[in-house]
Amino acid sequence: MQKADVLEMKNIEKEYFGNKVLKNVSLKIRRGEIHALLGENGAGKSTLMNILFGMPVIHNTGGFKGQVLFQGKEAHIKSPMEAMKSGIGMVHQEFMLIPGFTISENIKLNREITRHNLVSRLLGGSLKSLDYKAMDSESREALNTAGLNVEEYVKVEGLPVGYMQFIEIAREIDKKNISLLVFDEPTAVLTESEAEKLMEAMERLASKGIAIIFITHRLDEVMKVADEITILRDGEVVAARKSSETNILELAELMVGRKIERTETDGISKVEKKDIILKIENLKVNMPGERVRDINLDIYKGEILGIGGLAGQGKIGIANGIMGLFQSSGKVTMEGKEIPLNNPQEVLKQGIAFVSEDRRGVGLLLEDSIENNIAITSMCINNAFLKNYLLFTQSNRRKIREHALKMIKDLDIRCTGPHQEVKRLSGGNQQKVSIARALTLKPKILFVSEPTRGIDVGAKKLVLDLLTALNKEFNMTIIMTSSELAELRSICERIAIVSEGKISGILKPESSDGEYGLLLSGHAADALIGKEE
């Protein structure tokens with residue numbers, strides 16, 4: 001007998017400002033089924049779940065097309081609160097617990113059990129007391145189902161990270177009407193043994209009739225617990241499989257596979273010389289959400305090296321750690337000379353520049369002019385664009401203007417002039433200003449992090465072409481970190497994939513989609529990588 005459908009999403013389409021991020025996506029989840037939802041960063045998984053939960057970002061940007069059926073009836077979920085009341089829950093990747101509260105208080109938050117006391121009997125129900133005994137009893141039941149053997153009266157503060165994930169699960173399954181649970185990368189922060197326990201908990205929940213959407217990049221876990229698998233790529237469903245009819249290699253290929261248009265460079269011959277310009281040894285970076293656990297990597301002079309990986313795996317932390325923006329340890333050597341860590345000024349003085357992934361928050365002075373943005377770092381680090389007098393220095397406005405005009409012309413920055421405020425520029429032109437500022441330092445090494453994030457397709461190509469030209473014309477060593485694997489494969493000579501804070505492996509751009517998929521999902525041993533010669 002076939003199980004009843006809990007959720008059906010039909011022909012879902014979503015646009016953000018003319019950019020179609022979901023294209024005719026359909027998904028069906030049955031009662032008691034564990035359904036894995038796979039895809040790279042940007043494949044559309046989060047947008048699809050935002051639609052399911054009625055997130056404001058969906059309704060504030062024009063809504064969506066298509067139909068959502070929940071428990072056999074058409075659903076028009078307008079808010080996360082409506083979703084929860086309907087019986088849809090989510091175990092988030094980021095914890096939403098209150099440290100000073102007990103486990104029981106966290107589980108029962110906003111659903112507290114109360115009892116009458118002497119005052120409430122006289123003055124009204126709003127003065128009832130919390131019934132801690134009943135709350136602890138129900139919390140204990142939820143914790144047992146989740147598989148967490150810790151006392152419910154213990155405070156959350158100071159507990160191991162893995163425990164917090166199980167408390168999040170217990171909070172969701174304690175809701176009596178729950179019929180669909182979304183697990184968003186639930187094992188990302190867990191040890192291997194904790195991940196095993198979590199998957200056992202998922203199977204227990206499914207056996208009780210709760211449907212589960214399991215979002216993860218760990219393909220071995222998918223094969224272990226999922227009944228059905230849907231793969232999204234570039235906003236479309238590219239395949240749907242039963243776990244019994246597929247394997248890890250096929251899933252990896254389906255996640256990654258796409259046509260790659262390679263930009264021709266003459267970089268391969270340079271890389272083969274094996275002149276190491278930067279050596280990274282045992283690098284650890286304490287960057288929230290992108291923690292680096294142990295990176296060892298040699299970077300060759302004159303190459304474009306790509307650094308890829310899924311969100312939260314540590315790829316962003318490498319450049320931020322080396323540049324001193326987050327606390328780091330280990331050893332970084334440039335041309336045989338050790339670079340002091342946790343000292344951004346000294347790193348810049350060594351000839352290393354950085355274009356941050358957060359151009360609006362870190363990379364640019366939005367209220368200032370284009371010309372000042374381009375010149376400011378070089379003024380501070382190299383004492384450039386300054387007039388030196390006996391008792392003081394003054395900025396050389398003529399030189400700043402001349403240099404800015406040259407950069408505007410060379411990089412084709414579309415603006416009204418060098419005096420224009422950076423906040424008035426488009427995303428692509430803001431990115432070019434960030435690159436112009438880095439180039440003004442005349443660096444030997446350029447770290448570029450997520451260079452095409454948030455800019456349109458035409459601007460993306462211009463930025464990638466610019467990086468290729470800088471490498472080719474000035475023999476500049478470029479380390480490009482990106483969530484867009486296709487972009488890395490289009491201009492890089494080698495691509496290092498980061499998984500769980502370590503280098504999972506290094507591939508060439510022409511390596512197979514399966515190899516990339518396996519490395520992204522942490523299966524270095526299965527990727528059959530040939531060591532670089």
Side-chain angles (χ1 to χ4, degrees), residues 2-3 5-14 20-30 32-52 64-69 180 182-187 199 202 206 211-261 308-311 483-486 489 497 499 507 510-523 526-528:
Q2 192 174 27
K3 296 177 182 177
D5 292 342
V6 172
L7 172 72
E8 186 173 4
M9 303 182 83
K10 288 183 175 181
N11 307 318
I12 303 295
E13 296 194 352
K14 174 62 185 170
K20 191 171 278 190
V21 294
L22 289 176
K23 309 159 194 171
N24 200 34
V25 172
S26 294
L27 186 68
K28 187 181 288 188
I29 316 289
R30 295 185 176 89
E33 174 182 284
I34 300 176
H35 195 116
L37 187 60
L38 305 181
E40 283 188 279
N41 301 332
K45 306 187 299 293
S46 296
T47 302
L48 193 64
M49 293 302 101
N50 285 341
I51 289 171
L52 175 61
F64 66 96
K65 293 179 182 177
Q67 190 179 30
V68 178
L69 300 173
L180 174 66
V182 178
F183 284 76
D184 183 12
E185 297 282 2
T187 61
M199 286 184 284
M202 288 170 64
I212 293 173
I213 298 176
F214 182 27
I215 301 172
T216 184
H217 69 273
R218 294 182 174 178
L219 301 182
D220 54 339
E221 295 175 356
V222 170
M223 295 301 298
K224 191 172 290 184
V225 298
D227 303 301
E228 302 283 341
I229 303 164
T230 296
I231 302 102
L232 292 180
R233 191 169 71 232
D234 299 329
E236 298 180 88
V237 174
V238 293
R241 297 281 190 273
K242 292 183 181 296
S243 59
S244 58
E245 297 172 358
T246 188
N247 55 63
I248 286 175
L249 181 58
E250 184 190 26
L251 294 177
E253 289 174 341
L254 288 168
M255 280 175 59
V256 175
R258 62 169 67 85
K259 184 180 178 183
I260 305 298
E261 294 182 0
L310 297 173
S483 299
E484 300 288 338
L485 189 56
R489 293 172 81 174
I497 301 297
S499 178
L507 294 174
E510 62 270 19
S511 295
S512 72
D513 296 337
E515 287 177 302
Y516 275 103
L518 289 168
L519 287 184
L520 287 167
S521 57
H523 286 266
D526 297 328
L528 303 176

Enumerate donor-acceptor pairs with a distance under 3.5 Å from any side-chain N or O in residues 237-244 to protein atoms, sequence neighbours excluded.
unit_1, atom_1, unit_2, atom_2, d
Arg241, NE, Glu250, OE2, 3.1
Arg241, NH2, Glu250, OE2, 3.1
Lys242, NZ, Glu228, OE2, 2.8
Ser243, OG, Ala226, O, 2.7

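Taking every heavy atom of both residues into account, Gly235 and Val25 meet most closely at O-CG2, 3.3 Å. Listed here is the closest heavy atom pair of His35 and Leu27: NE2-CD1, 3.6 Å. Pairing each heavy atom of Lys28 with each of Glu33, the nearest pair is O-OE2, 3.7 Å. Residues Ile51 and Met9 share a closest heavy-atom pair of CG2-CE, 4.0 Å. The two atoms that bring Leu310 and Leu520 nearest to each other are CD1-O, 3.6 Å, heavy atoms only. In terms of heavy-atom proximity, Thr216 sits nearest to Leu38 at O-CD2, 3.3 Å.
Here CG of Asp227 is found 10.5 Å from CZ of Arg30. Values are rounded to the nearest 0.5 Å. Distance check, rounded to the nearest 0.5 Å: CE of Met199 to CZ of Phe183 gives 12.0 Å. Atom CD1 of Ile29 and atom CD1 of Ile213 lie 4.5 Å apart (nearest 0.5 Å). Distance CG/Leu37 to CD1/Ile212: 14.0 Å, rounded to 0.5 Å. The CG atom of Leu69 lies 9.0 Å from the CG atom of Asp5; values are rounded to the nearest 0.5 Å. Atom CG of Leu507 sits about 5.5 Å away from atom CD of Glu515, to the nearest 0.5 Å.
The main-chain N or O of Gly66 is never found under 3.5 Å from a side-chain atom of Asn11 such that the two would form a donor-acceptor pair. Between the side chain of Arg489 and the backbone N or O of Ser511, at least one donor-acceptor pair lies under 3.5 Å.
Between Val222 and Ile248, the closest side-chain pair of non-hydrogen atoms is not below 4.5 Å. Val68 has its side chain within reach of Leu7: a pair of non-hydrogen atoms, C-beta onward, lies under 4.5 Å apart. Contact annotation: the side chain of Met49 approaches that of Leu52 to within less than 4.5 Å [non-hydrogen atoms, C-beta and beyond]. Residues Leu249 and Glu253 form a side-chain contact, since some pair of their non-hydrogen atoms from C-beta on lies under 4.5 Å apart.
Just one residue in the list Lys14, Glu13, Lys65, Lys45 forms a side-chain contact (heavy atoms from CB on, under 4.5 Å) with Leu22, and that residue is Lys14.
Applying the salt bridge (charged side-chain N to carboxylate O under 4.0 Å, His left out) rule to Glu236 yields no partners; only residues at least two apart in sequence or on another chain are considered.
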